[in-house]
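A note on names: the letters A, B, ... follow the listed sequences, proteins ahead of strands, and every chain is numbered from 1. No experiment lies behind these values; they were computed from the predicted model shown.
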Amino acid sequence: MSEVTNNTAILKYTLRLADDSLILGHRLTEWTSHGPFLEEDIAMSNVALDYIGRARMYYGYAAELSGDGKTEDDFAFLRDEREFRNLLINELPRGDFAYSTVRQLFIDVFNSLYLPKLMQSNDETLAAIAAKGIKETRYHLRRSRDWTLRLGDGTAESHKRMQKAIDSLWGYTHELFELDELEQQLADQGVGVDSTALKAEWLATVESILSEATLTRPEDDWVVKGGRTGYHTENLGHLLTEMQFLHRSNPGCEW
Amino acid sequence: MTSAAWVERLHHRRQSVHQEIWDLLDEVKDPEIPVVSIWDLGILCDVTLESGQYLISITPTYSGCPAMDTIRADVSEALNKAGIQNVTVNMKLAPAWTTDSMSPLGRKQLLEYGIAPPENKVGGCALTPEQGIRCPRCGSEQTERISEFASTACKALFRCSNCLEPFDYFKQI
Ligand SMILES: [Zn+2]
């Protein structure tokens with residue numbers, strides 16, 4: 001394979017990782033000033049910042065790879081819905097606190113397995129971003145795990161909401177472990193991560209936390225996919241409308 | 001308290017032929033903790049000269065650290081003020097920043113500022129304990145963690161059971 005096509009493949013892969021971080025980070029910012037109490041409000045805003053910072057590093061690298069003068073802002077603010085490649089679970093509305101907690105748990109466990117593999121990438125920049133991210137993910141996971149235990153094994157109401165969130169999100173988790181041709185090729189080259197290989201450990205970890213929290217792992221009876229091919233739920237369009245509005249109506253503005 | 005990462009940085013600085021630049025940059029403080037310099041916090045990594053251009057490398061503490069743009073501007077300004085115009089500041093991602101690269105002076109300044117410095121569990125990446133971080137105000141170890149994340153991502157929030165004051169703890173990463 002020529003270096004040019006491989007560069008394009010790495011660029012596409014980097015944008016996927018960037019989109020995952022940005023969209024989830026944006027969803028978390030929606031909790032700012034809406035958290036259940038002050039400390040938790042601040043915690044969620046901090047986790048959001050970690051994700052948006054991670055997205056900036058990925059977009060910055062993507063800009064470098066594209067080599068056509070594009071900036072991180074062009075990727076974040078000037079692409080349309082169908083051009084985003086984030087996994088669907090990241091774009092779902094924040095829901096109630098239980099829903100956001102369960103989503104973070106699923107993603108944090110995933111990242112705690114994914115990033116150590118990406119750290120071994122023979123692409124130095126991706127490896128460096130992963131090395132930075134894993135340190136933060138350890139803190140994120142402890143927080144989402146603690147909340148899962150507290151709410152799952154809490155009151156009847158908190159337990160009910162947690163179980164409902166798990167049941168509504170479960171069908172979106174399968175997509176975390178899909179590998180298309182692009183990612184397979186990059187995994188074979190030692191650049192990307194073979195996420196299919198992470199599924200067993202993810203399941204074991206999540207199941208053990210859920211059972212400790214007296215919650216039940218749902219059946220695998222429904223699956224939703226499409227993020228990596230640009231087929232999104234209706235929610236992404238609404239999110240982008242809000243996120244991109246300022247930049248699009250005031251091109252190039254700085255403050 | 002000395003750690004390998006700090007000793008290595010100090011050694012690297014002492015070997016550098018650009019002593020005057022490092023010294024000028026000692027004036028640049030962290031915008032959020034204005035008593036500690038970016039050198040003492042471990043954010044300042046390297047000074048090199050390439051084809052007449054000074055290249056200053058800095059590294060973010062956390063991925064989303066909102067202070068990086070300000071620090072970048074402050075670095076240029078500090079050198080410009082001293083008559084050095086040919087400056088480029090670049091962001092270095094690897095190796096990832098660690099609390100181990102803070103200087104002993106930086107830890108002391110944090111403490112005096114009212115922020116408990118990171119407790120060095122050497123070799124580990126121990127997460128923040130639930131209690132026992134020494135209160136920067138009264139020195140008591142009867143303290144408890146209120147939140148894993150405080151005013152910024154790099155800190156956790158504690159409360160002292162002795163003097164009853166809340167305080168920030170600079171988390172170890
Ligand atoms: Zn005290």
Side-chain angles (χ1 to χ4, degrees), chain A residues 18 21-22 25-26 28-29 31 35-61 64 72 111-112 115-116 119 121 123-147 254-255, chain B residues 5 32 42-43 45 57-73 89-101 118 121 123-131 144-159 166-173:
Chain A
S21 289
L22 179 68
H26 185 85
L28 284 163
T29 64
W31 279 102
F37 49 88
L38 185 62
E39 284 78 13
E40 205 44 42
D41 196 292
I42 294 170
M44 287 173 111
S45 303
N46 273 315
V47 177
L49 257 182
D50 284 341
Y51 273 104
I52 291 169
R54 209 175 286 179
R56 287 191 63 181
M57 293 193 282
Y58 285 130
Y59 284 130
Y61 184 44
E64 213 176 283
E72 50 178 316
N111 281 334
S112 74
L115 294 175
M119 277 171 71
S121 169
D123 182 294
E124 281 178 19
T125 309
L126 291 178
I129 298 171
K132 190 114 200 89
I134 188 64
K135 294 181 172 215
E136 296 153 6
T137 285
R138 291 197 186 103
Y139 281 101
H140 300 169
L141 176 57
R142 186 161 80 166
R143 181 182 157 278
S144 55
R145 183 180 177 279
D146 283 355
W147 272 113
E254 285 185 29
W255 67 90
Chain B
E32 280 162 0
I43 292 171
C45 307
S57 305
I58 56 176
T59 192
T61 53
Y62 279 71
S63 302
C65 177
M68 289 316 281
D69 290 335
T70 311
I71 292 173
R72 192 189 281 266
V89 185
N90 73 355
M91 194 80 87
K92 194 166 164 276
L93 295 179
W97 181 82
T98 149
T99 32
D100 288 351
S101 53
K121 311 273 188 304
C125 55
L127 299 178
T128 314
E130 280 179 41
Q131 52 219 7
E144 55 168 343
R145 192 181 77 213
I146 305 174
S147 176
E148 193 91 77
F149 298 85
S151 52
T152 59
C154 55
K155 302 188 210 95
L157 188 62
F158 274 74
R159 178 169 44 211
F167 64 91
D168 274 349
Y169 165 64
F170 207 111
K171 288 189 287 205
Q172 200 201 348
I173 66 166

Flag if over 12 foreign heavy atoms under 6.0 Å of CZ, R159(B): no
Gap between atom CE of M91(B) and atom CZ of R56(A) - 0.5 Å precision: 7.0 Å
Of the options R138(A), R142(A), R143(A), which is the one that meets E148(B) in a salt bridge (charged side-chain N to carboxylate O under 4.0 Å, His left out)? R142(A)
Working to the nearest 0.5 angstrom, can you tell me the gap between K132(A) NZ and T61(B) OG1? 6.5 Å
Among A153(B), S147(B), A94(B), P95(B), residue most engaged with chain A (heavy-atom pairs, under 4.5 Å): A153(B)
Hey, what's the ring geometry for F149(B) with Y139(A), parallel, tilted or perpendicular (30° and 60° as the breaks)? perpendicular
Taking all non-hydrogen atoms of both residues, which atom of K135(A) and which atom of I173(B) are closest, and how far apart? NZ-C, 3.6 Å
N46(A) (side chain) donor-acceptor with A150(B) (main chain) under 3.5 angstrom: yes
Need one label for E39(A): side chain, backbone, both or neither, based on atoms under 4.5 Å from any heavy atom in chain B. both
Is the number of heavy atoms from other residues, nucleotides or ligands within 6.0 Å of CD (E130(B)) greater than 12? no
If I compare all heavy atoms of E136(A) with all of S63(B), which pair ends up nearest, and what's the gap? OE2-N, 2.8 Å
Whatever's closer than 4.5 Å to a heavy atom in chain A on T59(B) counts as neither
